[in-house]
Visitor: 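Once you've had a glance at the structure underneath, I'll fire off some questions.
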Amino acid sequence: MNVSQNLVRSVMRAFYSTQEILVVEALVTHLALRDDDLAYLMKMNLKDLHRLCATLRDARFLVVHTRPEMQAGKTRPINRTYYYIDYRQAIDAIKWRVYKTDKDMQGIAQPQDENKEYSCPRCSAQYTLMEVLDSSSSRGFVCDRCGNVLERSKEREAPGHQQLSRMNNQFKFMTDMLQEVDKVVVPECTFEKAIANARPIVREATHEVLASIPVDTALNKPSAVKGLANTGPKTMSVTISDGNDELENIENKKRKERLLRENALPVWMTESSVPTKGFGNSSNDVEEGGPAKRVKLEADPGVDVDVPEVDLGIKAEDDEEDDLEFEDVV
């Protein structure tokens, strides 16, 4: 644990601002701090403190935890913000940044075949090995500009290699400490462990705050939603048959008959509502007691429909006209 704390402190002091260093130092000393207590130590307001801690949270150097707490004299709990350091997460973040920086520096470094190791002492022109192969002479490689003999510098390094060497020298303290961290087991750091072993802050009498008690959220959480307890089947039975079972056929037949009865049309849809007798006592109506004549209509081939014939009292004219009698005029 001491190695992890020393690593985090060293990295913060090497690459971060003074305020961010003080925040991490306070969390290393007190293990876990509430936002108002940390603001009291830093002499900052909560808005600026939250903005500062958000940067460290994105860098994985601290963890933000929120829990509801009840204060004396209040009926509803309020959410309070706590900060603590998860050393496993912080070490992984440091390893990733060292690896990423090293890869970026290796990308800047030039390959060996592009290294200009030949230079002209007269005009200071530089050439690679591939560029001087076609300008050789009995004296050696000559310069294309002035014709002077080129000199080879074995100690010349490319700018990318110089930056990579400088970076390795600057990051040596981190790489050495990371090797020491890999040899030990870093304990897991959770909020419960951090708040249980946290060192309290002694405030002045003019800056005292009301004590608060954490609220157990498990008591207010419903165990199940009402009305959704029995939404699905609890058991399932599977019956396998070959299709020739007589009892199964009988059951299917009964089921089909039952469905036909349930889906049968009502009487007012199957029977006609047109009466077969006359509607009044006029001479145009059908005589009472007389049988209703039915006419056979061919509505559809093979379907006979009987429609009652209503006598409206109009005599059918004969097909042949009666002879008209004329009187003789004397």
Visitor: Judged by atom type as modelled, is there a donor-acceptor pair below 3.5 Å linking the side chain of Arg60 to the main-chain atoms of Asp58?
Guide: yes
Visitor: Would you call Lys100 and Asp104 a salt bridge, using N to O less than 4.0 angstrom?
Guide: yes
Visitor: When the aromatic ring centroids of Phe191 and His65 are compared, is their separation below 6.0 Å?
Guide: yes
Visitor: With ring centroids as reference points, do Phe171 and Phe15 lie under 6.0 angstrom apart?
Guide: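 Ring-ring flag for Phe171/Phe15: true, centres closer than 6.0 Å.
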Visitor: side-chain contact (heavy atoms from CB on, under 4.5 Å) with Ile91: which residues, sequence neighbours excluded?
Guide: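 Ile91 satisfies side-chain contact (heavy atoms from CB on, under 4.5 Å) with Ser4, Leu7, Lys95, Leu178, Val181, Val186 only.
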Visitor: Grab the two heavy atoms, one from Asp36 and one from Arg203, that are nearest each other, plus how far apart they are.
Guide: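 It is O-NH2, 3.4 Å.
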Visitor: Taking Gln89 for its side chain and Asp86 for its backbone only, find out whether a donor-acceptor pair lies under 3.5 Å.
Guide: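 Between the backbone of Asp86 and the side chain of Gln89 there is no qualifying donor-acceptor contact (under 3.5 Å).
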Visitor: Which pairs count as ring-ring contact (aromatic ring centres under 6.0 Å, His included) when at least one residue sits in residues 24-51, sequence neighbours excluded?
Guide: Tyr40-His207
Visitor: Is there a chain of hydrophobic side chains (I, L, V, M, F, W, Y, each step under 4.5 Å between heavy atoms) that links Tyr84 to Leu62?
Guide: no
Visitor: I'd like to know if the side chain of Thr101 reaches the main chain of Val98, judged simply by a donor and an acceptor atom lying under 3.5 Å from each other, with no hydrogens or angles considered.
Guide: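 Pair absent, no side-chain N/O of Thr101 close to backbone of Val98.
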Visitor: Is it true that Ile21 and Val24 fall in one hydrophobic cluster, defined by side-chain heavy atoms closer than 4.5 Å?
Guide: yes
Visitor: CD/Glu25 to CG/Leu22 distance, rounded to the nearest 0.5 angstrom?
Guide: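 These two atoms lie 7.5 Å from each other.
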Visitor: Return yes when atom CZ of Arg145 has more than 12 non-hydrogen atoms of other residues, nucleotides or ligands closer than 6.0 Å, and no otherwise.
Guide: no
Visitor: Any non-hydrogen side-chain atom of Glu20 less than 4.5 Å from a side-chain atom of Leu52?
Guide: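 A side-chain contact exists here, since the closest heavy-atom pair is under 4.5 Å.
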Visitor: Find out whether Pro121 and Asn148 are in side-chain contact, i.e. whether some heavy atom of one side chain is under 4.5 Å from a heavy atom of the other.
Guide: yes
Visitor: Check for me, please, whether Val63 and Leu27 land in the same ILVMFWY cluster - side-chain distances under 4.5 Å, paths through other members count.
Guide: no
Visitor: If every non-hydrogen atom of Met70 is compared with every non-hydrogen atom of Thr75, which pair is closest and at what distance?
Guide: CE-O, 3.7 Å
Visitor: OG1/Thr18 to CZ/Arg13 distance, rounded to the nearest 0.5 angstrom?
Guide: 11.0 Å
Visitor: Could you walk me through whether Glu257 and Arg261 pass the side chain to side chain contact (heavy atoms under 4.5 Å, CB included) check?
Guide: CA-CA 6 Å; Glu257 293 177 355; Arg261 290 195 302 270; 3.9 Å; yes
Visitor: Would you say Leu49 ends up clustered with Ile201 if hydrophobic residues are merged whenever their side chains have heavy atoms under 4.5 Å apart, either directly or through other cluster members?
Guide: yes
Visitor: Does any part of the side chain of Gln5, heavy atoms only, come nearer than 4.5 Å to the side chain of Ile85, both counted from C-beta?
Guide: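 Answer no - side chains too far apart.
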Visitor: Any side-chain heavy-atom pair from Leu41 and Val23 closer than 4.5 angstrom?
Guide: no
Visitor: When rounded to the nearest 0.5 angstrom, what distance separates CZ in Arg199 from OG1 in Thr29?
Guide: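 One finds 6.5 Å between CZ of Arg199 and OG1 of Thr29.
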Visitor: Between Arg67 and Glu192, does any NZ, NE, NH1 or NH2 come within less than 4.0 Å of an OD or OE carboxylate oxygen?
Guide: no
Visitor: Once you round to the nearest 0.5 Å, how far does CG of Leu33 lie from CG of Leu38?
Guide: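 One gets 5.5 Å once the value is rounded to the nearest 0.5 Å.
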Visitor: Distance from Met177 atom CE to Asp182 atom CG, nearest 0.5 Å?
Guide: 12.0 Å
Visitor: For Asn2, does its backbone N or O pair with a side-chain atom of Asn6 as donor and acceptor, under 3.5 Å?
Guide: yes
Visitor: If Ile, Leu, Val, Met, Phe, Trp and Tyr residues are connected whenever their side-chain heavy atoms lie under 4.5 Å apart, and connections chain through other members, are Leu46 and Ile78 in the same group?
Guide: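 No, separate clusters.
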Visitor: For the pair Arg258 and Glu262, find out whether any cationic side-chain nitrogen is under 4.0 Å from an anionic carboxylate oxygen.
Guide: yes
Visitor: Quick check for you: to the nearest 0.5 Å, what is the distance between Ile94 atom CD1 and Tyr87 atom OH?
Guide: 11.0 Å
Visitor: Taking the side chain as C-beta and beyond, is there a heavy-atom pair between Tyr83 and Val64 under 4.5 Å?
Guide: yes
Visitor: As a quick check of understanding, evaluate side chain to side chain contact (heavy atoms under 4.5 Å, CB included) for Val8 and Phe61, giving each step before the final call.
Guide: CA-CA 8 Å; Val8 172; Phe61 280 104; 4.1 Å; yes
Visitor: Are Met44 and Arg51 close enough that some pair of their side-chain heavy atoms sits under 4.5 Å apart?
Guide: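 No, too far: nothing below the 4.5 Å cut-off.
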Visitor: Closest heavy-atom contact between Leu150 and Cys143?
Guide: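 Of all heavy-atom pairs spanning Leu150 and Cys143, the closest is CD2-CB, 3.7 Å.
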Visitor: Any idea which heavy atoms bring Ala59 and Ala93 closest together, and the distance?
Guide: O-CB, 3.8 Å
Visitor: Heavy-atom count check: over 12 atoms from other residues, nucleotides or ligands less than 6.0 Å from Lys256 NZ?
Guide: no
Visitor: With a 4.0 Å cut-off, would you call Arg34 and Glu69 a salt bridge?
Guide: yes
Visitor: Answer yes or no: is there a side-chain heavy-atom contact under 4.5 Å between Met174 and Gln179?
Guide: no
Visitor: Within the 3.5 Å criterion, strictly below it, is a donor on Asn45 or Asp48 matched to an acceptor on the partner's side chain?
Guide: yes
